[in-house]
Amino acid sequence: MAHLFTKGLLLSLALGLMTACDDVDTRPQMDIEGKTMGTFYSVKISGEIPQSQQQLQQEIDALLEQANNDISTYRDTSVLSRFNQYRGTEAQPIPRGMADIILQALRIGQDTHGAMNITVGPLVNLWGFGPEKQPTKIPTQYQIDNALKQVGLQHLKLISDNRGEWLQKDRPDLYVDLSTLGEGYGVDQLVNLMMRHGITNYLVSVGGAVSSRGVNGQGRPWRVAIQKPTDKENAVQALVNLQGYSISTSGSYRNYFEQSGQRYSHVLDPATGRPITHKLVSATVIATTALEADGWDTGLMVLGPEKALKLAQEKGLAVYLVSKTDTGFSAIMTPQFNAFLAPDQH
């Protein structure tokens, strides 16, 4: 979890971007890259470009900067930070985009029985993975218990009326952290920008969230590589063709600290207040929006391999799970995910 969004740079783009090598239908391709949300973004467009690269990058940067101003916990003046700082219980106005994130988070939180929980900010900060960086030390059970008292989706209420969107908490000390959904939200914002400009061949990514449509500069469908859960940057686990969908990966293998030979992951279980200890090391989800994929992958990571697979099957989700074994790694996917595998991966 790097700087702003928790599956950012230290997850090291769990989804690498790959294109076919054969020159079949060569066409112009524009590549735009930059930094945002404590990680990197990438926009690749093929075919006719409706405006200059400089103009498009300015629009992209402005969009992502607005997202930071809305939901960053690293900016004291963001809308979310002001809500967290507020020590009352009256409903506070929030932007529509932020309301969309919270609505998705509450839905997935309910479906995962609280495993995906946007109120775990006190725990994230306690373990040293949030904006309030602390020394890498293990909190006491007393500290964990106190932080857990501040955690609970039942304390948060989203209100929509003719005046707009509002967020309300019944605990003045409730701390909301939208980090686990930030990258997906950013990708959806970029997809909307592509649509507004009539761009139909693109691949956009923010951190570990990716969406694509159409073909690349060689006239081939964009391919996305799911990285193996190792420290090697280019170790590919599987290749998928998104076909207009979005994908996001959550992993426990990059952002952690070690003490006395024990590894403590940034993925925290809201039920225990502690880092997960099961064998699931990455969860990849394909969904219609990057925001949805980004929310589900976090919840599934917390649940662990057996519960995650069962829930994915019940909900009909396109999910790819990688678990650590005594001899390496094992992967399992739902039939819905299998449909997205590149032809040579079947």
For the backbone of [Y] and the side chain of [X], can you confirm whether one donor and one acceptor N or O come within less than 3.5 Å of each other?
X: Thr119; Y: Gly152; answer: yes
X: Trp296; Y: Ala283; answer: no
X: Ser81; Y: Arg75; answer: yes
X: Ser46; Y: Val215; answer: yes
X: Asn125; Y: Gly121; answer: yes
X: Arg213; Y: Tyr202; answer: no
X: Thr39; Y: Val206; answer: no
X: Thr325; Y: Ser330; answer: no
X: Glu183; Y: Ser248; answer: no

Suppose we screen for salt bridge (charged side-chain N to carboxylate O under 4.0 Å, His left out). Which residues come up paired with [X], at least two apart in sequence or across chains?
X: Arg171; answer: Asp173
X: Arg163; answer: Asp161
X: Asp145; answer: none
X: Asp111; answer: Lys315

Heavy-atom count around [X] [atom1] within 6.0 Å, excluding the residue itself: above 12?
X: Gln54; atom1: CD; answer: no
X: Gln243; atom1: CD; answer: yes
X: Glu65; atom1: CD; answer: yes

*Between NZ of Lys324 and CG of Leu280, what distance do you get to the nearest 0.5 Å?*
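Lys324 atom NZ to Leu280 atom CG measures 13.0 Å (nearest 0.5 Å).
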_From CD1 (Ile94) to CG (Leu167), nearest 0.5 Å_ =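 Those atoms lie 5.0 Å apart.
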Applying side-chain hydrogen bond (donor to acceptor under 3.5 Å, both in side chains), can you list everything that pairs with [X], at least two apart in sequence or on another chain?
X: His197; value: Gln51, Glu59
X: Asp70; value: Gln66
X: Thr89; value: none
X: Asn241; value: none

Indicate if [X] and [Y] have the same hydrophobic cluster label, given that clusters are the connected sets of ILVMFWY residues with side-chain heavy-atom separations under 4.5 angstrom.
X: Leu156; Y: Tyr86; value: no
X: Trp166; Y: Leu153; value: no
X: Phe83; Y: Ile159; value: no

Tell me the closest heavy-atom pair linking [X] and [Y], and the distance in Å.
X: Thr112; Y: Gly299; value: CG2-CA, 4.3 Å
X: Ala318; Y: Thr334; value: CA-OG1, 3.5 Å
X: Ile144; Y: Leu123; value: O-CD2, 4.2 Å
X: Ser205; Y: Val210; value: CB-CG2, 3.7 Å
X: Pro139; Y: Gln143; value: CA-OE1, 3.2 Å
X: Leu148; Y: Thr272; value: CD1-O, 3.8 Å

*Which residue pairs pass the salt bridge (Lys or Arg N to Asp or Glu O under 4.0 Å) test with at least one member in residues 85-107, sequence neighbours excluded?*
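For residues 85-107, and leaving out neighbouring residues, the salt bridge (Lys or Arg N to Asp or Glu O under 4.0 Å) pairs sorted by first residue read Arg96-Asp100.
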Check: [X]/[Y] side-chain N/O donor and acceptor closer than 3.5 Å:
X: Ser250; Y: Asp297; answer: no
X: Asn68; Y: Tyr74; answer: no
X: Ser160; Y: Glu165; answer: yes

*What pairs with Tyr320 under ring pair (Phe, Tyr, Trp, His ring centres under 6.0 Å), at least two apart in sequence or on another chain?*
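For Tyr320, the residues satisfying ring pair (Phe, Tyr, Trp, His ring centres under 6.0 Å) (neighbours in sequence not counted) are Phe337.
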For residues [X] and [Y], determine if any side-chain heavy atom of one lies less than 4.5 Å from a side-chain heavy atom of the other.
X: Lys169; Y: Val176; answer: no
X: Val302; Y: Met116; answer: no
X: Leu341; Y: Val240; answer: yes
X: Lys44; Y: Asn216; answer: no
X: Ile286; Y: Gln336; answer: no
X: Ile45; Y: Met194; answer: yes

*If you group Ile, Leu, Val, Met, Phe, Trp and Tyr whenever their side-chain heavy atoms sit less than 4.5 Å apart, what else falls in with Tyr142?*
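Noted: Tyr142 shares its cluster with no other residue.
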_Residues Thr298, Leu181; criterion side chain to side chain contact (heavy atoms under 4.5 Å, CB included); working and verdict_ = CA-CA 9 Å; Thr298 302; Leu181 295 143; over 6 Å; no
_Going by side chain to side chain donor-acceptor pair (under 3.5 Å), name the pairs with one or both residues in residues 184-196, residues two or more places apart or in two chains._
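Residue pairs with at least one partner in residues 184-196: there are none.
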*Give a yes/no verdict on a cation-pi contact between Lys35 and Phe40, requiring under 6.0 Å between NZ or CZ and the six-membered ring centre and an angle within 45° of the axis.*
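The answer is no; the distance or angle limit is not met.
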